[in-house]
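Lettering of chains follows the sequences in order, A, B, ..., and the numbering in each one begins at 1.
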Protein chains: 2
Amino acid sequence: MSKNKLRIIPLGGLGEVGKNMMVYEYGKNILIVDTGIMFPDHDMPGIDYIIPDFEYIKENKDLVRGIVITHGHMDHVGAISYVLEEVNVPVYATPLTKGFIELNLSEKGMLDKTSIQTVNAGEMVNIGPFEVEFFHVCHSIPDSVGLGITCPDGLVVHTGDYKFDPTPVDGWPTDFAKLAEFSGRGVLALMADSTNADKPGWTPSEMVINDSLDKVFRSAPGRIIVASFASLVSRMQQVIDAADRYGRKIAFVGYSMTKNSKMAKKLGYLEIPPDIEVGLEAALNMNPKDVVLMATGSQGEPFSIMGRLSRGTNKRFDLIKDDTIVLSSHAIPGNEEAIYKTINRLFRRGADVVYEPLAGGVHVSGHANQDEMKLMLNIVNPKYLIPVHGELRHLKQHAILAEESEFPTENVLVIENGEVIEFEDGKLEIKDRIPGNYVFVDGSRVGEIGPSVVREREQLAQDGVVLISLVLDRKGKLHEEPEIISRGFVYKHDDDDLIEQTRQKIVAVVENTKGDLHDELVHSLRSFLYSKTKKRPVVLATMNFL
Amino acid sequence: MSKNKLRIIPLGGLGEVGKNMMVYEYGKNILIVDTGIMFPDHDMPGIDYIIPDFEYIKENKDLVRGIVITHGHMDHVGAISYVLEEVNVPVYATPLTKGFIELNLSEKGMLDKTSIQTVNAGEMVNIGPFEVEFFHVCHSIPDSVGLGITCPDGLVVHTGDYKFDPTPVDGWPTDFAKLAEFSGRGVLALMADSTNADKPGWTPSEMVINDSLDKVFRSAPGRIIVASFASLVSRMQQVIDAADRYGRKIAFVGYSMTKNSKMAKKLGYLEIPPDIEVGLEAALNMNPKDVVLMATGSQGEPFSIMGRLSRGTNKRFDLIKDDTIVLSSHAIPGNEEAIYKTINRLFRRGADVVYEPLAGGVHVSGHANQDEMKLMLNIVNPKYLIPVHGELRHLKQHAILAEESEFPTENVLVIENGEVIEFEDGKLEIKDRIPGNYVFVDGSRVGEIGPSVVREREQLAQDGVVLISLVLDRKGKLHEEPEIISRGFVYKHDDDDLIEQTRQKIVAVVENTKGDLHDELVHSLRSFLYSKTKKRPVVLATMNFL
């Protein structure tokens, strides 16, 4: 019988390694850490979102002992229903994270079927052969944890998303003492967040946002509308506190913002002084100078409140004179264009807009910068460093930071999703690679749409589609005029000159072709349309014979 | 007879005001400044590029006296062939800019038909009633100018793209003395670059790049491959100088990089020490430590040299061990995703990649930052400030900077493309708005494809297309099995279960429909496919009757 070994496999993510899911395996036991989703890139049109390819889990479902979720962000929790559908095992999380999991599962009608165990930061839980210690970390959502995962092979520290904010909004800093304690015990491997590996120094404290908010609240002549992420509970708290300081009432606007604030308040993660919160209707009827609205839409999403306000299509309320809008979030790479368009539209409709980089302190990152990453490495002092949570360029940079910290280069392992690392007698090896990327969620179809369909969509988007339909008699002559329909190719679909010329071309091809008419038609029309337009629309032909 | 008035109209640009084209008009005389193109946003699939909507020029072609191009970047010169096709008037430019215009026109076969006059910075030229003084400005391409445009109504200073680099690579700073002289004469209006209105302080000098290049050249163990824009002549010079300092040879790679470097060298804007430049073939055969390659592809363009190297599909050469790649350019907003993917791929293929923000000094902006913008305003001291060259958010911010400089708020005019400003007795008024946005260049079609076709393309990209073709007999019964073709919708086009179910649905609809069969078919299939997939493909139906 072969000896049990600790194996770790990062899964999922869109270029980001182990961002959405990590597998810890010891003998015949699997522990899953996080089950997140990602949003598609621009070259994946129509795709709703992306979930990890967890084929490996499906194939080994009997081995799975539990799922630990480190915090309530979508990229760590959003795919939980998909995983639970395959393996109905207990889920472990801190109270606020549990709240987010419950909201997610109740939308899928799966809440009743799931066992979610509350584990507070500082507590330990046994999951199969793993002793999992939850330790508090600062991040851009409260109640985040990192994990100390102990099995007979040793202790692995999994940071999760973290930063070392000395003055967090909730007054609860990252648990240095626990990290030092781990270090004292001896750490086999550190799986550490690399998101900001290219950002020097320290991430500013969430506290700096208070000053920026003060500046806005002091001078805003009318309503203040703050746009942020619906999961950014600490930002909600800061806006509530600023409203309190400046005598304004606050209303949460929109489904997710309302739902999340209600849940966070109920669980005690959001402290709202009496009489500060009002409903939207009440807020809209108050003096604008007395009101703050908090909504989503900081990423330029067209159907968010901000997107609709920028176009004048928001139903329940519109912009009014002297509105000040604060975009309190970073641009997620790829969203810049949409965000700036939204900002320009808001300006055009008369609002004043406060955003980065103009107001440097309206958002800070939730992730450790370079010096914090070095500090983490120094405190934990592991035998191996495995940079995770970042694109390859971030992991490489994390490795350079380790080298700068005199960490032995040969003990830093940059791996990619699906690469299996295995420990034997305290020594790490990279084993074979398993499928570990992602699958597309496209409407109600999960994993059915692959890259080839997405490439077809891109081609349709580039050049449009031209469809021709013929009816031929027994002699191979046209029974009637060829029908031509196009989309995304010409402006007037019916009577465009080009369409008429195309019709004549079809008639000529039908008359003159000796070989395979279908192939010849498609081929000739593609050349013909390219010669006329320098575009290559998808040409589809149907031929019916009498 | 009505009195002649000075009118100024910004045209073109993708949200950026007056970026690509400006019209100066006095009486029956029009002067065009710049004729540029823009690249499309992500929500404009298939569009190649965008040119200003210059319908106004076409309608008044007899009035046009000349075209002045301020510098050789595509967003200021790229549309010149389109404008010259409509109005064949003299073009005025500095020598290097003339070189870029000639390259552009020779590709279109229009060089012989065009009169291009060389005007050096510091010189003046009369164009109709306008006295146009060219003054040197620093920018990220040499030989850039701003313009002093004098007509009987007064002097307008048009900065063009500029910055106040005290130590430019070519040793030629922005012409402060001329700006001061304008100020002494009295300036009616300042049309000033707003690109970096949200960036504090001063743009760093191009000189800082030398230090970063030194750092790379000192330590690179093998080849160095620098990626930048093909128009960034000063960056070429800096890389040549670094190659010289460190005893490496340089080869320019790719069509536009080779073409532009050759032209700039011929005109004396690129100084290459003897024996430093080699051909690509020679470079590939040298010791990697002795070589620098300079290529395009810093924006993640898939078919650029960098894009192909990152995928291993470059024909003439591939990455080799110890290659160091320097991306020496900012990400143009919207390109971040593509750039980071390219960087990750390059890392994956074994290269070391130096890029922002890791190496802060591998690129600097070509535009003035906030303090420079204030300095420009203070030196020129105009009656009116009209912020141009920026999105609305930048223009608004430029106005705030003016306010901070104690400039009278009522004399700052934030206008948008197509808005006509008119001076009467030294007083400015905003007149009616004319069409002044942009038109799409789509293959060989200019302005024929509008937003509705682009929306069709987006819909095709989101959900794909399903085409059904029926042949019905005289009784309205199906003559044969319905044919179904799809693209971008299902993976297996022919034998997918869903397609078979769709076929059955069609048969049922044909049998049961009393009313308009085509409408009923499309409607039913859309509902059916949505219920099955939660996607809404474009459904096209052709029906042929025997």
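Side-chain N or O atoms of Lys532(A) include none that pairs as donor or acceptor with a backbone N or O of Ser444(B) at under 3.5 Å. Arg445(B) places no side-chain N or O within 3.5 Å of a backbone atom of Thr533(A) that could act as its donor or acceptor partner.
Under the rule for a side-chain contact (heavy atoms from CB on, under 4.5 Å), the partners of Gln459(A) that lie at least two apart in sequence or sit in another chain are Val538(A). Judged as a ring-ring contact (aromatic ring centres under 6.0 Å, His included), and not counting sequence neighbours, Tyr49(A) has no contacts.
Contact count against chain A (heavy-atom pairs under 4.5 Å) is highest for Ala461(B) among Pro45(B), Ala461(B), Gly334(B). With chain B as partner, the option from Ile343(A), Ile400(A), Asp442(A), Val414(A) having the largest number of non-hydrogen pairs under 4.5 angstrom is Asp442(A). Between chain A and the options Met44(B), Arg457(B), Gln462(B), Arg345(B), heavy-atom pairs under 4.5 Å are most frequent for Arg457(B). The candidate with the highest count of non-hydrogen atom pairs below 4.5 Å against chain B, out of Arg348(A), Lys534(A), Glu337(A), is Glu337(A). Of the listed residues Asn335(A), Val471(A), Val465(A), Leu467(A), the one with more heavy-atom pairs under 4.5 angstrom with chain B than any other is Leu467(A). Of the listed residues (Ser452(B), Gly464(B), Gly443(B)), the greatest number of heavy-atom pairs within a distance under 4.5 Å of chain A belongs to Gly443(B). The candidate with the highest count of non-hydrogen atom pairs below 4.5 Å against chain A, out of Asn344(B), Asp48(B), Leu460(B), is Asn344(B). Among Ile47(A), Leu470(A), Ile449(A), Leu392(A), the residue making the largest number of heavy-atom pairs under 4.5 Å with chain B is Leu392(A).
At a 4.5 Å heavy-atom cutoff, the contact between Thr542(B) and chain A is made by backbone and side-chain atoms alike. Proximity to chain A (any heavy atom under 4.5 Å) is shown, for Asp352(B), by neither the backbone nor the side chain. Heavy atoms of Glu391(B) lying under 4.5 Å from chain A belong to its backbone as well as its side chain. Of the atoms belonging to His479(B), it is side-chain heavy atoms, and not backbone ones, that fall under 4.5 Å from chain A.
More than 12 heavy atoms of other residues, nucleotides or ligands lie within 6.0 Å of CD in Glu480(B), so this atom counts as buried by the packing criterion.
Checked for salt-bridge contact, Asp43(A) and Lys341(B) meet the test: a charged N lies under 4.0 Å from a carboxylate O.
Side-chain contact between Tyr355(B) and Asp198(A) is present, with heavy atoms from C-beta onward closer than 4.5 Å.
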